[in-house]
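The next block holds one structure in the form of structure tokens; read it before the comments.
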Amino acid sequence: MLEHRALDRRRMLQGSALIGGFGLLGGCATPAAAPSTRSGIVLAPIRASADRIFDITVCTRPFRAAGPRLDTEQVGDTLVVHNYGHGGSGWSLAWGSGTIAVRKAMAGSPREIAVIGCGALGLTSAILAQGAGAQVTIYAKDLPPDTRSFRATGSFTPDSRIALADAVAQGFPALWEEMTRVSFKTYRQYLGLPGDPVEWVDRYSVSGGPRQAAPPGGLDFAAYGGRVRDLTPGSETLPAGATNFPAGATVRRSSRMMFNIASLSHTLMADFLAAGGKVQRMEFRSPADLSRLKEKVVINCPGYGARALWRDETVVPVRGQIAWLIPQREVDYALTYGDVNVLPRKEGLCVQDVAGGDMRGYGQEDEAADRLEAEAAVATIAELYGRMRG
């Protein structure tokens with residue numbers, strides 16, 4: 001049902017685009033390739049300066065050493081299906097993880113299901129439960145744009161801090177692969193829709209930027225990318241002079257799926273409400289509060305909130321910060337330079353300092369914005385573009 005609903009929505013929106021004069025492919029046209037000259041691909045420069053920072057957002061992601069929690073628990077007369085602890089992979093694994101959770105929730109064929117949380121996992125689980133035939137109500141303290149999921153970077157990174165290699169249950173890698181493939185296939189249905197909730201972007205990795213070594217004794221984060229290598233094209237090293245990046249730099253190019261989270265959240269919420277879903281603001285302080293719900297089957301998607309709500313100290317905060325630069329429509333590519341990543345979201349250019357690798361922000365719960373960190377990251381990008389050719 002989810003696939004049919006997405007296809008019906010696409011036909012309707014494309015029809016509207018035709019009436020509006022955008023043409024039949026107005027809602028799903030592939031972005032034009034970067035222009036080429038004799039010197040190669042000419043990429044639009046990023047206008048990187050501190051005075052173009054219009055916001056700084058901080059998020060604490062819910063890392064669990066054993067991977068996402070997807071078991072069930074009986075609380076009084078309520079069946080609780082847990083769906084949290086995805087680290088930096090909440091959006092990336094949402095549809096696959098939600099499919100598993102909904103399968104367990106629908107085992108007794110309930111007519112009504114409650115979903116706790118309205119972030120990436122909550123929204124997708126709710127839509128999938130509707131597709132399975134249930135009437136669904138989302139209960140949440142925060143709604144988009146105030147959820148932590150709304151502050152995510154937006155790259156398809158299904159194995160980003162997903163689990164420790166030496167702490168994973170024997171069957172988890174296969175389960176992770178199933179979740180990744182289901183999510184990837186489902187997100188393809190959102191490609192080309194107005195607002196570009198999901199799109200493909202090229203990422204250019206440019207050598208020569210400042211790098212900080214990871215601290216010694218770091219955690220052993222899992223890497224499962226090799227299991228799904230067939231989903232995306234591999235990276236390639238471009239010939240010298242193929243781009244207008246500084247002469248002498250080694251440039252690698254890859255392609256990756258990206259989420260424009262403002263548009264994606266709006267699209268998912270609209271789909272949920274259009275299918276008869278309901279949303280009610282409610283704060284839960286302990287599992288006993290579930291007795292206040294009329295539904296006796298609950299899909300629990302509180303994200304980092306599980307640490308307090310379920311007293312689950314296996315959920316560890318991982319702090320991440322994004323500096324937002326004013327959008328530039330002509331910048332349609334992602335960039336990695338030294339320890340800084342840039343993502344060309346429609347809402348603005350995401351600039352993130354990732355010095356120290358996966359250990360950066362581990363165990364940090366502080367969500368105060370660090371202006372100096374933001375300006376330093378932007379200055380690193382400015383240095384690169386100050387030497388750009390053409």
Side-chain angles (χ1 to χ4, degrees), residues 31-32 34-35 41-59 61 88 91 144-146 148-157 160 195-206 208-212 243-246 249 251 253-266 319-355 360-361 367-390:
I41 302 169
V42 179
L43 297 164
I46 294 173
R47 296 164 65 188
S49 62
D51 61 356
R52 290 181 64 81
I53 299 174
F54 69 87
D55 196 10
I56 302 172
T57 55
V58 179
C59 179
R61 299 184 292 276
W91 282 108
D146 297 320
R148 281 188 171 87
S149 292
F150 202 87
R151 289 173 262 161
T153 306
S155 288
F156 183 74
T157 53
S160 172
D196 291 317
V198 181
E199 61 180 321
W200 283 92
V201 296
D202 285 338
R203 177 182 291 274
Y204 293 87
S205 297
V206 183
R211 287 189 178 277
Q212 177 181 316
T243 70
N244 53 329
F245 284 117
V251 180
R253 181 174 62 186
S254 60
S255 298
R256 180 174 293 181
M257 194 179 283
M258 182 189 76
F259 311 126
N260 288 303
I261 293 178
S263 176
L264 179 57
S265 296
H266 179 80
R319 181 188 185 278
Q321 174 173 295
I322 295 172
W324 291 88
L325 295 178
I326 296 171
Q328 290 180 246
R329 296 301 184 188
E330 70 276 18
V331 177
D332 57 359
Y333 61 93
L335 173 75
T336 295
Y337 179 62
D339 287 325
V340 178
N341 290 332
V342 180
L343 207 63
R345 295 252 299 269
K346 293 295 188 289
E347 308 97 298
L349 298 179
C350 298
V351 180
Q352 187 173 39
D353 186 342
V354 294
R360 184 179 182 88
E367 292 190 355
D370 185 336
R371 177 77 188 191
L372 292 179
E373 175 187 315
E375 292 188 359
V378 171
T380 296
I381 298 302
E383 179 274 324
L384 171 67
Y385 285 93
R387 296 184 292 113
M388 203 152 177
R389 298 174 294 144

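- The CG atom of Asp51 sits 9.5 Å away from the CG atom of Leu325 when rounded to the nearest 0.5 Å.
- Nearest heavy-atom pair across Gly348 and Trp324 is O-CZ3, 3.7 Å.
- Salt-bridge check for Glu330 with Arg47: failed, with every basic side-chain N at 4.0 Å or more from each acidic carboxylate O.
- Across all non-hydrogen atoms, the minimal contact from Gly320 to Arg61 is CA-NH1, 3.7 Å.
- The closest side-chain heavy-atom distance from Thr380 to Asp339 is not below 4.5 Å.
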Going through the checks in order, is the side-chain contact (heavy atoms from CB on, under 4.5 Å) test met by Thr243 and Val206?
CA-CA 11 Å; Thr243 70; Val206 183; over 6 Å; no
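- With hydrogens and angles disregarded, a donor-acceptor distance shorter than 3.5 Å links the side chain of Arg211 to the backbone of Gly338.
- The shortest distance between side-chain heavy atoms of Val378 and Arg52 does not fall below 4.5 Å.
- Exactly one residue among Met258, Gln328, Arg203 makes a side-chain contact (heavy atoms from CB on, under 4.5 Å) with Pro344. That residue is Met258.
- The side-chain heavy atoms of Ser49 and Tyr385, taken from C-beta on, include no pair separated by under 4.5 Å.
- Here the straight-line distance linking atom CG of Leu335 with atom CG of Leu384 works out to 6.0 Å at 0.5 Å rounding.
- For the pair Arg319/Asp370, a side-chain contact is recorded, criterion being any heavy-atom separation below 4.5 Å from C-beta on.
- Pairing each heavy atom of Gly154 with each of Ile261, the nearest pair is CA-CD1, 4.0 Å.
- Taking both residues in full, the closest heavy atoms of Ala334 and Val201 are given as CB-CG2, 4.4 Å, listed atom of the first, atom of the second, then distance.
- Here the CZ-CG distance, from Phe54 to Leu349, works out to 8.5 Å after rounding to the nearest 0.5 Å.
- At least one donor-acceptor pair under 3.5 Å links the side chain of Glu347 to the backbone N or O of Ala262.
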Test side-chain contact (heavy atoms from CB on, under 4.5 Å) on Tyr333 and Arg253; report intermediate values, then the result.
CA-CA 10 Å; Tyr333 61 93; Arg253 181 174 62 186; over 6 Å; no
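- Residue Asp332 holds its CG atom at 8.0 Å from CG of Asp202, rounded to the nearest 0.5 Å.
- A distance-only check finds no donor-acceptor pair linking the side chain of Asn260 to the backbone of Arg345 [under 3.5 Å].
- The shortest distance between side-chain heavy atoms of Gln352 and Leu343 does not fall below 4.5 Å.
- You'll find the side chain of Ile322 stays beyond 4.5 Å of the side chain of Arg151, heavy atoms only.
- Using a 30° and 60° split on the angle between ring planes, Tyr204 and Phe245 fall in the tilted class, from 30° to 60°.
- Across every non-hydrogen atom of Gln321 and Val58, the tightest pair is OE1-CG2, 3.7 Å.
- Using bins of under 30°, 30° to 60° and over 60° for the plane-to-plane angle, the ring pair Phe259/Trp91 lands in the tilted bin.
- The CD atom of Glu199 sits 3.5 Å away from atom NZ of Lys346, with the distance rounded to the nearest 0.5 Å.
- Proximity of Arg256 to Thr157: side-chain heavy atoms (C-beta onward) are separated by under 4.5 Å at one or more points.
- Taking every heavy atom of both residues into account, Ala377 and Val351 meet most closely at CB-CG1, 3.9 Å.
- Between the side chain of Arg371 and the backbone N or O of Ile56, no donor-acceptor pair lies under 3.5 Å.
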